[in-house]
There are 2 protein chains.
Amino acid sequence: MSSYVPGFELPLRLLLAFRMLIDELHTELHQQGHPDIRPMHGFVMQAIGPDGTTAVELGRTLGVSKQAAGKTIDTLERVGYVERTTDPADSRRKIVRLTAYGMDALDRSARVFDDLRARWAAELGADRLRELESDLRRMTPGNPWRLDTPGWFGNL
Amino acid sequence: MSSYVPGFELPLRLLLAFRMLIDELHTELHQQGHPDIRPMHGFVMQAIGPDGTTAVELGRTLGVSKQAAGKTIDTLERVGYVERTTDPADSRRKIVRLTAYGMDALDRSARVFDDLRARWAAELGADRLRELESDLRRMTPGNPWRLDTPGWFGNL
DNA sequence: CACGATAGACAACCTGGTTAACTATATGGA
DNA sequence: TCCATATAGTTAACCAGGTTGTCTATCGTG
């Protein structure tokens, strides 16, 4: 709105900064052979991890029901980012694993984020950026790898 | 997941910080007579503004179709945050205005965000917080009142 | 070996987005 | 003045992704 309230700016700037980075990442990925990737996919693939996981476990990690996790896996499978294999040790379980294409998306994401961070460092100075990260780390204790973001966005 | 990639931390911390503020805001609001408010409502009510708006205009502001804006208005109307009145000057238009209850939600949000910012200042020091905000402002040029967040979240 | 727990699939439902089609009303130019 | 065009809002059909509940198959243990 028009009325300037200092307290409003902090959350909005944090969100804008996040959106900027995510948008730039995906513009890059779309040009680098990943036209179908969406921001959510990155979170899910991070949650799947290098060793694979199951729908139930993925649901717990993402903060959604196992059914919702199953649907998400369906989507990623259709795009070619994951594949399901049955667990030889337990025929109830289906292990979801990243494909080479999926791992490529994660590798490229890491590289793009590093580039974007370097751009921030060039603009702000390396010291200021480190301070910014340190301050954010201080205000958001715990590991940054909380991947329940899909569940969180769900009830926005 | 486990492999530490510096570039990944920045966006994740920005998002975590945003989520923390939003979650704390809504915990507060739920206890202050707004049990039905959801994060999205704040954005929409900000977009409606003190003078009211129409569904088409709101859709443009939020970055969604006029039909989606209409549905959102329905929801907010049901909860009691907005009311529709017909424009006497143009009988096609229906002006959507915040109710007193809706304005109360915005007022309380502003106060809670100010409190949260004060808590950050107490933890980080006022100078560091101002630097953090200044750095974010520098990296996210433009006004922070881009309210197309609902549309943006839509295709996450 | 039977029973409780677990993994996954399926169905029905909700929300909030989309596009398309339709009605009613304004508006501006011939 | 009248008609063509543009605009506001509603409705419908569809989609994605979340929910809960139910069902089957399999595991593991007492």
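Each chain gets a letter, A, B and so on, in the order the sequences are listed, and its residues count up from 1.
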Length of the CZ-P vector between A:F43 and D:dG18, whole Å: 13 Å
At a cut-off of 3.5 Å, list every protein nitrogen or oxygen paired with a nitrogen or oxygen from nucleotides 24-30 of chain D, distance to 0.1 Å.
residue : atom : partner : partner atom : Å
D:dT26  : O3'  : A:S91   : OG           : 2.9
D:dT26  : O2   : A:R92   : NH1          : 3.3
D:dC27  : OP1  : A:S91   : N            : 3.1
D:dC27  : OP1  : A:S91   : OG           : 3.2
D:dC27  : O4'  : A:R92   : NE           : 3.4

Output one line per pair: protein atom, nucleotide atom from nucleotides 20-23 of chain D, and distance, for all N/O pairs under 3.5 Å.
residue : atom : partner : partner atom : Å
D:dG21  : O6   : A:Q67   : NE2          : 2.4

For B:E9, is there any backbone N or O sitting under 3.5 Å from a side-chain donor or acceptor partner on A:R117? no
To the nearest angstrom, the CG-P distance between B:L58 and C:dG17 comes to 10 Å
Protein-nucleotide distance (A:L62, atom CG; D:dG17, atom C1'), rounded to Å: 12 Å
In whole Å, I'd like the distance from the CD atom of B:E77 to the C1' atom of C:dG16. 17 Å
Can you name the residues that form a side-chain hydrogen bond (donor to acceptor under 3.5 Å, both in side chains) with B:T53, not counting sequence neighbours? B:E57
Does B:D104 pair with B:R108 as a salt bridge, N-O distance under 4.0 Å? yes
Those residues at least two apart in sequence (or on a different chain) that pass ring pair (Phe, Tyr, Trp, His ring centres under 6.0 Å) with B:F113 are A:F8
B:K94 atom NZ is separated from C:dA24 atom P, nearest whole Å, by 13 Å
OP1 or OP2 of C:dT15 under 4.0 Å from side-chain N/O of B:T72: no
Please list all pairs meeting ring-ring contact (aromatic ring centres under 6.0 Å, His included) that have one or both residues in residues 38-80 of chain A, counting only residues at least two apart or in different chains. none
To the nearest angstrom, how far is B:E57 atom CD from D:dT7 atom C1'? 13 Å
Net bend of the helix from C:dC1-D:dG30 to C:dA30-D:dT1, end axes of five pairs each, nearest 10 degrees: 0°
In whole Å, what is the span from the CG atom of A:D74 to the P atom of C:dA11? 13 Å
side-chain hydrogen bond (donor to acceptor under 3.5 Å, both in side chains) filter on A:E131, not counting sequence neighbours, yields none
Where at least one partner belongs to residues 56-91 of chain A, residue pairs that pass ring-ring contact (aromatic ring centres under 6.0 Å, His included), sequence neighbours excluded: A:H34-A:Y81, A:Y81-A:Y101
Identify, with sequence neighbours excluded, every residue that meets side-chain contact (heavy atoms from CB on, under 4.5 Å) alongside A:D90. A:D87, A:R92, A:R93
Any donor-acceptor pair under 3.5 Å linking the side chain of A:T99 with the backbone of A:G80? yes
When you get a sec, tell me which of D:dG18, C:dG17, C:dA7 is the closest nucleotide to the side chain of A:R93? C:dA7
Do any of residues 78-87 of chain B sit with a heavy atom less than 4.0 Å from DNA chain C, and if so which? none
Strictly below 4.0 Å, N to O, side chains only: are B:R84 and B:E77 in salt-bridge contact? yes
Where at least one partner belongs to residues 20-35 of chain B, residue pairs that pass salt bridge (charged side-chain N to carboxylate O under 4.0 Å, His left out), sequence neighbours excluded: B:E24-B:R119
Taken to the nearest whole Å, CD1/B:I73 to P/D:dG9 is 8 Å
D:dG17 OP1/OP2 closer than 4.0 Å to side-chain N/O of A:R38: yes
Just by distance, do the side chain of B:R138 and the backbone of A:L124 share a donor-acceptor pair under 3.5 Å? no
N or O in side chain of B:K71 less than 4.0 angstrom from D:dT10 OP1/OP2: no
Does B:D127 pair with B:R130 as a salt bridge, N-O distance under 4.0 Å? yes
Tell me every residue that passes ring pair (Phe, Tyr, Trp, His ring centres under 6.0 Å) with B:H26, counting only those two or more places apart in sequence or in another chain. none
